[in-house]
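Single-structure report; data block below.
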Amino acid sequence: MAFCKQILVFLVLVGIFNTCNAQGLKLGFYKKTCPSAEAIVKKETANIMSVAPTLAAPILRMHFHDCFVRGCDASILLNSTTNNQAEKDSFPNLSLRGYGSIDRVKSAVEKKCPGVVSCADILALVARDAVQLLNGASWPVPLGRRDGNVSNSTEALFNLPPPFFNITQLKASFASKGLNAKDLVVLSGGHTIGTSHCSSFTNRLYNFTGVGDSDPSLDLNYVARLKTRCSATDTTTLVEMDPGSFKTFDTEYYTLVAKRRGLFTSDAALLADSETRAYVTSHATPQGSKDFLKDFAKSMVKMGKIGVLTGSQGEIRKTCGFVN
């Protein structure tokens with residue numbers, strides 16, 4: 001508990017991002033320098049998704065994790081070195097995948113326009129295009145991000161909201177990045193696609209308060225079902241976050257949360273706040289889908305502007321895993 005409080009205080013004190021640089025982003029940024037950039041990214045993403053549609057969720061999560069640490073500067077893509085453990089090797093990011101796909105898209109863009117399009121912009125575009133290919137939201141992606149040259153695993157640990165955060169901690173984490181409670185509940189809707197390792201939620205099944213109990217906020221029938229998939233020590237099994245439609249970007253996530261069947265403590269936490277609870281309940285029906293897609297698009301545009309480097313800041317990496 002003390003550790004959680006330290007994280008919360010850290011987020012509040014040092015998580016204020018300078019948003020002025022976001023003004024350096026604009027639609028069609030590469031219109032003159034690499035006019036085919038966005039088309040190349042879309043084509044390559046479609047090719048990747050045609051054979052590996054489950055990559056959409058981890059790539060979307062990768063974009064989120066990138067923006068929450070040092071801003072959207074592709075620091076998540078940098079490899080560790082002998083003297084530095086990078087973000088991608090921090091505990092919260094060990095389950096991320098799709099780095100090779102980003103490298104593939106970057107390589108295709110580099111062949112056409114060497115040294116022009118940043119890895120940060122490519123990640124933002126691939127995340128958007130991948131979600132759209134799952135019948136999800138689409139959104140305009142202002143471009144012009146530059147790539148950072150620092151990546152630190154400790155910063156990832158302190159800036160990424162873990163699945164055990166309560167609503168107070170979640171709201172503080174998002175507020176430190178310039179995002180509000182609506183952004184929190186809307187972006188949480190991204191859990192409608194993808195899977196999770198059992199280890200991210202088994203405490204809710206077997207030892208929630210340290211006496212061998214389950215989380216009372218989790219539906220008992222769902223607890224029983226999850227126990228058939230996950231033992232208390234399981235670290236390898238994957239469970240669908242939105243059973244039955246984890247490959248479709250829809251509002252079923254909110255239906256599950258409303259029924260107390262969200263996998264994570266952070267999912268259940270959305271019912272503990274009047275504003276986020278109201279959004280969950282109003283979108284827990286198919287009728288809420290259209291509004292959700294619009295809201296998700298707005299929040300993604302907002303998130304994609306967090307702490308960006310523009311102008312002469314940073315660099316345009318030749319290869320996403322290494323600084324130039």
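Computed from a predicted model, the values in this text were never measured in an experiment.
Put simply, the side chain of Gln169 gets close to the backbone of Asn166: a donor and an acceptor are under 3.5 Å apart. Side-chain atoms of Asn149 never come within 3.5 Å of backbone atoms of Val323 as a donor-acceptor pair (strictly under, hydrogens ignored). With hydrogens and angles ignored, the 3.5 Å screen pairs no side-chain donor or acceptor of Arg204 with any backbone N or O of Ser214. At least one donor-acceptor pair closer than 3.5 Å links the side chain of Asp147 to the backbone N or O of Ala120. Listed for the Lys177 side chain is a donor-acceptor partner under 3.5 Å among the backbone atoms of Phe68. Of the possible donor and acceptor atoms, none in the side chain of Ser107 sits under 3.5 Å from a partner among the backbone N and O of Asp103. A donor-acceptor pair under 3.5 Å is formed between the side chain of Lys88 and the backbone N or O of Leu77. Checked by atom type and distance alone, the side chain of Asp213 pairs as donor or acceptor with a backbone atom of Phe208 at under 3.5 Å.
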* For the pair Asp273 and Lys171, evaluate salt bridge (charged side-chain N to carboxylate O under 4.0 Å, His left out) and give the outcome as yes or no after the intermediate values. => CA-CA 10 Å; Asp273 175 85; Lys171 289 172 72 174; 2.9 Å; yes
* Could you check Phe165 against Phe264 for ring-ring contact (aromatic ring centres under 6.0 Å, His included), going step by step and ending with a plain yes or no? => CA-CA 9 Å; Phe165 260 13; Phe264 307 134; over 10 Å; no
* Can Ser196 and Leu238 be said to form a side-chain contact (heavy atoms from CB on, under 4.5 Å), step by step? -> CA-CA 5 Å; Ser196 169; Leu238 290 172; over 6 Å; no
* Given Arg146 and Glu315, is the salt bridge (charged side-chain N to carboxylate O under 4.0 Å, His left out) satisfied, shown in steps? -> CA-CA 6 Å; Arg146 305 268 292 179; Glu315 63 182 13; over 6 Å; no
* To do: List the steps and the verdict of side-chain contact (heavy atoms from CB on, under 4.5 Å) for Asp250 and Asp242.
  => CA-CA 10 Å; Asp250 54 27; Asp242 185 355; 3.4 Å; yes
* Please lay out, stage by stage, how Asp219 and Lys259 fare under the test salt bridge (charged side-chain N to carboxylate O under 4.0 Å, His left out). => CA-CA 7 Å; Asp219 177 72; Lys259 292 179 178 179; over 6 Å; no
* To do: Carefully, step by step, assess Leu187 and Met300 under the rule side-chain contact (heavy atoms from CB on, under 4.5 Å).
  => CA-CA 8 Å; Leu187 292 174; Met300 285 300 296; 3.6 Å; yes
* Going through the checks in order, is the side-chain contact (heavy atoms from CB on, under 4.5 Å) test met by Ser151 and Arg70? -> CA-CA 8 Å; Ser151 184; Arg70 289 189 166 267; over 6 Å; no
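For Phe201 and Phe164, the ring centers sit 6.0 Å or farther from each other.
Note: Arg317 CZ to Ile122 CD1 = 10.5 Å, rounded to the nearest 0.5 Å. Rounding to the nearest 0.5 angstrom, the gap separating the CG atom in Asp215 from the CG atom in Asn203 is 8.0 Å. Atom CD1 of Ile76 sits about 7.5 Å away from atom NE2 of His65, to the nearest 0.5 Å. Note that OG1 of Thr265 is 12.0 Å distant from CD1 of Ile167, once rounded to the nearest 0.5 Å. Annotation: the span from Ser101 atom OG to Ile48 atom CD1 amounts to 4.0 Å, rounded to 0.5 Å. In this structure, CG in Leu263 is found 8.5 Å from CG in Leu256, a value given to the nearest 0.5 Å.
Listed here is the closest heavy atom pair of Ala278 and Thr281: O-OG1, 3.1 Å. Nearest heavy-atom pair across Leu309 and Gly148 is CD1-CA, 3.6 Å. Summarising the geometry of Gly212 relative to Asn207, their closest heavy-atom pair is N-OD1, 2.8 Å, with the distance given to 0.1 Å. Contact detail for Thr310 and Gly144: the closest heavy-atom pair is CG2-O, 3.8 Å. Residues Ser217 and Arg260 approach most closely at O-CB, 3.3 Å, considering heavy atoms.
A heavy-atom distance below 4.5 Å is not found between the side chains of Lys305 and Cys72. A heavy-atom distance below 4.5 Å is not found between the side chains of Met241 and Thr192. At a threshold of 4.5 Å between non-hydrogen side-chain atoms, the residues Ser75 and Asp66 count as touching. Between Ser95 and Arg61 the shortest side-chain heavy-atom distance falls below 4.5 Å. Leu160 places a side-chain heavy atom less than 4.5 Å from the side chain of Asn93. Side-chain contact between His63 and Met303 is present, with at least one heavy-atom pair separated by less than 4.5 Å. Counting only heavy atoms from C-beta outward, the side chains of Ile316 and Val117 never approach each other to under 4.5 Å. Annotation: side chain of Leu270 is not in contact with side chain of Arg277 (no heavy-atom distance under 4.5 Å).
Listed by chain and number, the residues in a side chain to side chain donor-acceptor pair (under 3.5 Å) with Glu275 amount to none (sequence neighbours excluded). Judged as a ring pair (Phe, Tyr, Trp, His ring centres under 6.0 Å), and not counting sequence neighbours, the contacts of Tyr253 are His191.
Phe64 and Phe292 fall within the same hydrophobic cluster, where Ile, Leu, Val, Met, Phe, Trp and Tyr residues are linked whenever their side-chain heavy atoms come under 4.5 Å apart, directly or through other members. By the criterion of side-chain heavy atoms lying less than 4.5 angstrom apart, applied directly or through intervening Ile, Leu, Val, Met, Phe, Trp or Tyr residues, Leu179 is grouped together with Val185 in one hydrophobic cluster. Val223 and Leu271 are not part of a single hydrophobic cluster, where members link through side-chain heavy atoms under 4.5 Å apart. Tyr99 and Leu60 fall within the same hydrophobic cluster, defined by Ile, Leu, Val, Met, Phe, Trp and Tyr side-chain heavy atoms under 4.5 Å apart, directly or through other members. The hydrophobic cluster containing Leu27 does not contain Ile40, counting ILVMFWY residues as joined when their side-chain heavy atoms lie under 4.5 angstrom apart, directly or transitively.
Side-chain polar atoms of Asn83 and Thr81 form no donor-acceptor pair below 3.5 angstrom. Side-chain atoms of Ser153 and Asp89 include no donor-acceptor pair closer than 3.5 Å. Inspection of the Asp121 and Tyr30 side chains reveals an N or O donor paired with an N or O acceptor under 3.5 Å. Between the side chains of Ser50 and Asn47, no donor-acceptor pair is found at a separation under 3.5 Å. Of the N and O atoms on the side chains of Ser245 and Glu252, not one donor lies less than 3.5 Å from an acceptor on the other residue.
The number of heavy atoms from other shown groups lying within 6.0 Å of NZ (Lys227) is above 12.
Using a 30° and 60° split on the angle between ring planes, Phe296 and Phe249 fall in the perpendicular class, above 60°.
Salt-bridge annotation for Arg145 and Asp73: absent, with no side-chain N of the basic residue lying under 4.0 Å from a carboxylate O of the acidic one. Under 4.0 Å is where a charged nitrogen must lie from a carboxylate oxygen, and between Glu44 and Arg104 at least one such pair does.
A cation-pi arrangement is absent between Lys182 and Tyr279, since the terminal nitrogen or guanidinium carbon is not both under 6.0 Å from the aromatic centre and inside a 45° cone about the axis.
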Identify each donor-acceptor pair in which a side-chain atom of residues 126-140 lies under 3.5 Å from a protein atom, sequence neighbours left out, and give them as a table.
residue : atom : partner : partner atom : Å
Arg128  : NH1  : Trp139  : O            : 2.6
Asp129  : OD1  : Lys42   : NZ           : 3.3

